[in-house]
Amino acid sequence: MEEQLEEQREELNELLAIRRSKLQALYEAGIDPFGEKFERTHYAQDIIDNFDSLEGQKTVIAGRLMSFRTHGKASFSDLMDSSGRIQLYLRIDTMGEEAYRFATELDIGDIVGVSGTIFRTKRGQISVEVETLKLLAKSLRPLPDKWHGLKDVDLRYRQRYVDLIVNPEVREVFRKRSKIIQCLREFLNERGFIEVETPMLNTIAGGANARPFVTHHNALDMDLYMRIAPELYLKRLLVGGFDKVYEIGKNFRNEGISTKHNPEYTSCEIYQAYGDANDMMKLTEEIFAHIAQEVVGSTKIVFQGQEIDLTPPWPRKPMLEAIREYAGVDLTGLTDEQARQLAKEKRLAVPENATYGQIVEEFFDEFVEPRLIQPIFITDHTVEVSPLAKRKKDNPNLTDRFEPFIVTWEVANGFTELNDPIDQEERFRKQMEQRDKGDEEAHMMDSDFIRALEYGMPPAGGLGIGIDRLVMLLTDSPSIRDVLLFPHMRPR
RNA sequence: GAGCCAUUAGCUCAGUCGGUAGAGCACCGGACUUUUAAUCCGGGUGUCCCGCGUUCGAAUCGCGGAUGGCUCACCA
């Protein structure tokens, strides 16, 4: 009802009404306003790049009309295709009166196919002198301001199609995103990793601390969770005998939305049997450096005005040492109570029943994380906050885990995988206790995963990379929404 | 979830002290056969985010709401 009213109101808008009447006129003239298959010989950018050899030759191109400069019996127009823009020169003498009139009555936004001759104007502009022109799609809505484009961020995200038409740098970001993911695939495939797909509809949402989305399967009449991480499935594959696997895909977390968080986001999880955290750190450095080199052209990149040097090797620092350095507090070997006391002294807000591990995290987040600009691996997380990571040989309270930080963001997470089913079951039990205490993000018990480990999982290193943040970093984008084609928005 | 800010024409934005709204682009009509933010002449196309209130009178002031942005909280 509301929507119908909205539509009726829009029908009244003069600009829309004019386009509709032009559409009607086309039908009445026997012209199909929505065209058909059209064979091209060139992209706009091809013509510009190879002008010297193409000058004087015929070409057939297609795209969207982005501007008109009419001069009576001759006109200029800019045609935009996926490669870029090229100027069209329309001349009544070349096209004939009827075709010329038809062309000049088109609108900005219309999609056309043209054939013509490649030439350069007096002013040096590479152009196509149009001989024939065919309407391939009538545009019924006006495009945003040709100079200012579309700036309203709300509209840019909601109507990304318009954003992509008028803001070419946006297209560039998503081209890079595609290239980054392609590079990552190639890199892993070349090293013998195989790409797999595991379920996104889970009966147990495992592999991470996060609140899941719940959905419902009608035929089975049962609730299912959208996955929060593929980890436990991928490790089952190590049990099954795949040595090197990875999965690139969406995870869904029912949590807050911010410039760094979208409810659905893309991760790449990588597992390597017979390896450990150390191998995965090396792999992380190599991946970041390789992709930066391929996509940006250097391992030194600029993010929001600061130069970031991704060249390996990256420094490594145990978390407790980092806290000692930046907060001036040594938390090594404290009891829960002692840790809580220290937190109080440093005016850190922690829950009454906070555990040692949680307090270490708190200190880290407060004092260390905001200072980590250049790439660094923070290692040796507490066992309490790392329920899937193997304990360190020399200290069972810590794990053989690492998180690389760049521009204060955690860009990945990896560890030597816990392959001891007895310890894993114990860790799950601890998590269940946390869950019972009201921690909705604590891990769920996954008995089948324990069963898998009981068959024997080779020692392994695992790594999860946040693809969106990697893309943000390499495209100099301050918000995750700038690297998601359709970021989550509340419906209007 | 909390705080701050924003919302005016299709787009980008002005709008003074409270007196029913304006520019550029786009659009419509006209001139113009090498322009490129083409130019020149003419035309303003509107639920001022929504609702309630104050007032003779609200885009403007107050309250409530919607959406978005930023910061914080949670998280990757």
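Just so it is clear: chains get the letters A, B, ... in the order the sequence lines come, proteins before strands, and each one is counted from 1.
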* Apply side-chain hydrogen bond (donor to acceptor under 3.5 Å, both in side chains) to A/R171 and list each qualifying residue two or more places apart in sequence or on a separate chain. => none
* Using a heavy-atom cut-off of under 4.0 Å over every strand shown, decide if A/Y100 touches base, sugar-phosphate, or nothing. => nothing
* To do: Using a 4.0 Å heavy-atom cut-off, write out nucleotides 36-44 of chain B from 5' to 3' as B (base contacted by protein), S (sugar-phosphate only) or - (no contact).
  => BBB------
* Asked: Any salt bridge between A/E195 and A/R185, counting N to O under 4.0 Å?
  -> yes
* Asked: Hey, does A/L155 reach any base, or is it just sugar-phosphate, or nothing, if we go heavy atoms under 4.0 Å?
  -> sugar-phosphate
* Of the nucleotides B/U34, B/A26, B/U33, which has the atom closest to the A/L15 side chain? -> B/A26
Show which side-chain atoms of residues 79-88 of chain A pair as donor or acceptor with protein atoms under 3.5 Å away, not counting sequence neighbours.
unit_1	atom_1	unit_2	atom_2	d
A/D81	OD1	A/S83	N	2.8
A/D81	OD1	A/S83	OG	2.7
A/D81	OD1	A/G84	N	3.1
A/D81	OD2	A/A44	N	2.7
A/S83	OG	A/A44	N	3.2
A/S83	OG	A/Q45	N	2.9
A/Q87	OE1	A/R69	NH2	2.7
A/Q87	NE2	A/S127	OG	3.0

* Any idea if B/U20 is syn or anti, going by the 90°-from-0 cut? -> syn
* **Contact under 4.0 Å: A/K260 side-chain N or O vs B/U71 OP1/OP2** => no
* What about A/D93, does its side chain sit under 3.5 Å from the base of B/U33 through a donor-acceptor pair? -> yes
* Pick base, sugar-phosphate or nothing for A/N254, based on heavy-atom distances below 4.0 Å to the nucleic acid. => nothing
* Asked: Which is true for A/R158 with a 4.0 Å heavy-atom rule: it touches a base, it touches only sugar-phosphate, or it touches nothing?
  -> sugar-phosphate
* Please work out if A/G149 contacts a base, only the sugar-phosphate, or nothing of the nucleic acid, heavy-atom cut-off 4.0 Å. => sugar-phosphate
* Asked: Does the gap between the ring centers of A/F303 and A/W409 come in under 6.0 Å?
  -> yes
* Would you give a per-nucleotide map of nucleotides 2-7 of chain B, 5' to 3', where B means the base has a protein non-hydrogen atom under 4.0 Å away, S means only the sugar-phosphate does, and - means neither? => ------
* Quick one: CG on A/D107 to CZ on A/F68, what's the gap to the nearest 0.5 Å? -> 7.0 Å
* Note: A/D468-A/R177 ion pair, threshold 4.0 Å (strictly below) -> yes
* To do: Could you check which of B/U33, B/G68, B/A76 has an atom nearest any side-chain atom of A/R91?
  => B/U33
* Taking the side chain of A/S127 as its heavy atoms from C-beta onward, which of B/U33, B/C28, B/U35 lies nearest to it? -> B/U35
* Asked: So, A/N167 and A/D163: side-chain donor and acceptor under 3.5 Å apart, yes or no?
  -> yes
* Counting only side-chain N and O atoms of A/R490, is one of them less than 4.0 Å from OP1 or OP2 of B/G68? -> yes
* Asked: For A/R120 and A/D152, take the nucleotide of RNA chain B holding the closest heavy atom to each; which residue's nucleotide lies nearer the 5' end?
  -> A/D152
* Results of side chain to side chain contact (heavy atoms under 4.5 Å, CB included) for A/T215 - residues two or more places apart only -> A/L201, A/L224, A/M226
Contacts table for residues 356-366 of chain A: side-chain donor-acceptor under 3.5 angstrom, sequence neighbours left out:
unit_1	atom_1	unit_2	atom_2	d
A/Y356	OH	A/L331	O	2.6
A/Q358	OE1	A/T355	N	2.9
A/Q358	OE1	A/T355	OG1	3.4

* Asked: Among the nucleotides B/U34, B/A26, B/A76, which one has an atom lying closest to any side-chain atom of A/F119?
  -> B/U34
* Can you figure out which of B/A76, B/C70, B/G10 approaches the side chain of A/S479 most closely? => B/C70
